[in-house]
Amino acid sequence: MYAIEAKAVLSYFLGDWKMHRVISDFGEITGRATFRLNGESDQRLDYKEAVMLPRLGEQKANAFREYEYRMTDAGFDIFFSDGATKGQLFLSFVFAQASILTSHHLCIQDHYDAEFVFLSDDEFELNFTVVGPKKDYSIQTRFIRA
């Protein structure tokens, strides 16, 4: 089993990644993600993703998202970096095992459960399950270093 220490997570993420996402009841999405050091702190990363939502004949990225990762002693917190929720905390992750970080978040009546699973030096997964009165879906994203 691959293992990573909390203090090594920041340097692990740095760089460019290819991503493949499967969303239940929606389909598959591909794209690219980038982690860069944040200019304000050496314990923060800026994350940007550009994905291609399925549209007839379109062959370029058409959906984008940004987050800020702030390292903690036990893992990291993810904050929104764009849109109406900019600056708000999205999820807090802590190590459950040497290669797995987990998070649980209640947003009004919706439960967000998420986990990062580090598979190797060049591959990790981010998995979400969202359940609530009007939500019931899962998202699995695999990242491979570009």
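Along the sequence shown, residues carry numbers from 1.
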Measure centre to centre between the rings of Phe76 and Tyr67, then say whether the value is under 6.0 Å. no
Where does the angle between the aromatic ring planes of Phe13 and Phe118 fall among parallel (under 30°), tilted (30 to 60°) and perpendicular (over 60°)? tilted
Considering only residues two or more places apart or on different chains, which pairs with a residue in residues 79-91 satisfy side-chain hydrogen bond (donor to acceptor under 3.5 Å, both in side chains)? Arg65-Asp82
Do the rings of His104 and His111 sit parallel, tilted or perpendicular, given the 30° and 60° boundaries? tilted
Decide, yes or no, whether a salt bridge links Glu123 with Arg145 under the criterion of side-chain N to carboxylate O below 4.0 Å. no
Asp121 meets the side-chain hydrogen bond (donor to acceptor under 3.5 Å, both in side chains) criterion, sequence neighbours left out, with Tyr2
Which heavy-atom pair separates Ala74 from Ala6 by the least distance, and what is that distance? C-CB, 4.3 Å
Pairing residues for Glu115 by the side-chain hydrogen bond (donor to acceptor under 3.5 Å, both in side chains) criterion, not counting sequence neighbours: none
Here the pair of heavy atoms bringing Ile4 nearest to Val9 is CD1-CA, 4.1 Å
Tell me the closest heavy-atom pair linking Gly132 and Asp110, and the distance in Å. CA-OD1, 3.4 Å
Give me each pair satisfying salt bridge (charged side-chain N to carboxylate O under 4.0 Å, His left out) with a member in residues 28-42, each pair once, sequence neighbours excluded. Asp16-Arg36, Glu40-Arg44
Under the ring-ring contact (aromatic ring centres under 6.0 Å, His included) test, which residues partner Phe79, sequence neighbours left out? none
For Ser99, side-chain hydrogen bond (donor to acceptor under 3.5 Å, both in side chains) partners two or more places apart: none
Less than 4.0 angstrom from a charged side-chain N to a carboxylate O is my criterion; do Glu49 and Arg21 meet it? yes
Taking the six-membered ring for Trp and the full ring for Phe, Tyr or His, determine whether the centres of Phe128 and Tyr112 are under 6.0 Å apart. no
Sidechain-backbone polar pair: Ser138 side chain, Thr129 backbone, donor-acceptor under 3.5 Å: no
